[in-house]
Amino acid sequence: MAGTATRYLYLARHGEASPDESRLTDNGRRQALLLGERLRRSPLSAVHHGPLPRAEQTARLICEQLDNVPVQPSELAGDYIPYLPEREELPSESADAMLARLSQFPAEERESGPELAREALARFTGPVDGDEPRHELIVTHNFLIGWLVRAALDAPEWRWMGLNHANAALTVVQYAPGRPASVLFYNDTGHLPLELRWTGFPPELHL
């Protein structure tokens, strides 16, 4: 009878995008290539990416640096609101601002997102069937990374908000059988030169 093995889930936000988000900027392309170089020695078995151009382009540039790792589009890796909190769930001092921000997103993202987020948890997290560890990369967007990290830390569902991820930064979560999920590292930009770090963050969060 087959057992279960450890899953290593690599999470990367797409590279810096053009103002209309239709393509990567030159900086975004450089970020993606450098992330691919960093991952060249990682035993990845698959690269998943969301359907939007900035995620697809990033994934393909990463895969150019890898050795025949299949790249797979996935709606579950898309850009959507993963969870809509009720006011009473939120800290009283920030509830109004947080809800106002969420209301600015298209209705489709707010309405379809929570179901996609539940499916993403079922598809991409937890130990895997079999005896061999699995290493997978998802090239996605800020919100989904926040959602998956929140789940790994067993934080309240609304807490995906406030977890920011830089373009082409890397996060890795380990799901070992019989153990809680472990965030091995988060938002790591060590593979990027200083001038390519912190893109995708509000200016006041640049450190």
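Since the model is a prediction, treat every value here as computed from it, not as a measurement.
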**Q.** Tyr83 and Trp158 aromatic centres sub-6.0 Å
**A.**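 No, ring centres 6.0 Å or more apart.
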Hey, is [X] close enough to [Y] for a salt bridge, meaning N to O under 4.0 Å?
X: Glu56; Y: Arg60; value: yes
X: Arg87; Y: Asp96; value: yes
X: Arg150; Y: Glu157; value: no
X: Arg23; Y: Glu16; value: no

Q.
To the closest 0.5 Å, what do you measure between CZ (Arg30) and CG (Asn167)?
A.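 It comes to 13.5 Å.
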Q: Calculate, to the nearest 0.5 Å, the distance between atoms CZ and NE2 belonging to Arg38 and His191 respectively.
A: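 The NE2 atom of His191 is 6.0 Å from CZ of Arg38, to the nearest 0.5 Å.
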**Q.** Pair Tyr186-Leu163, side chain to side chain contact (heavy atoms under 4.5 Å, CB included): steps then yes or no
**A.** CA-CA 10 Å; Tyr186 174 76; Leu163 291 174; 3.7 Å; yes
Membership question, hydrophobic clusters at under 4.5 Å side-chain separation (ILVMFWY): are [Y] and [X] in the same one?
X: Leu35; Y: Leu184; answer: yes
X: Val128; Y: Tyr8; answer: no
X: Tyr10; Y: Val69; answer: yes
X: Val172; Y: Leu11; answer: no

Q | His165: which of Thr189, Asn142, Thr171 passes side-chain hydrogen bond (donor to acceptor under 3.5 Å, both in side chains) | A |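 It is Thr171; the other options fail the test.
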How far apart are the closest heavy atoms of [X] and [Y], and which atoms are they?
X: Leu76; Y: Phe124; value: CB-CE1, 3.9 Å
X: Ile62; Y: Ala32; value: CG1-O, 3.5 Å
X: Ala95; Y: Leu90; value: CB-CB, 3.8 Å

Q: Could you check Leu61 against Leu24 for side chain to side chain contact (heavy atoms under 4.5 Å, CB included), going step by step and ending with a plain yes or no?
A: CA-CA 11 Å; Leu61 287 167; Leu24 296 181; 3.8 Å; yes
Q.
I'd like to know if the side chain of Gln31 reaches the main chain of Leu196, judged simply by a donor and an acceptor atom lying under 3.5 Å from each other, with no hydrogens or angles considered.
A.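 Indeed, once roles are kept as given, a pair shorter than 3.5 Å links the two residues.
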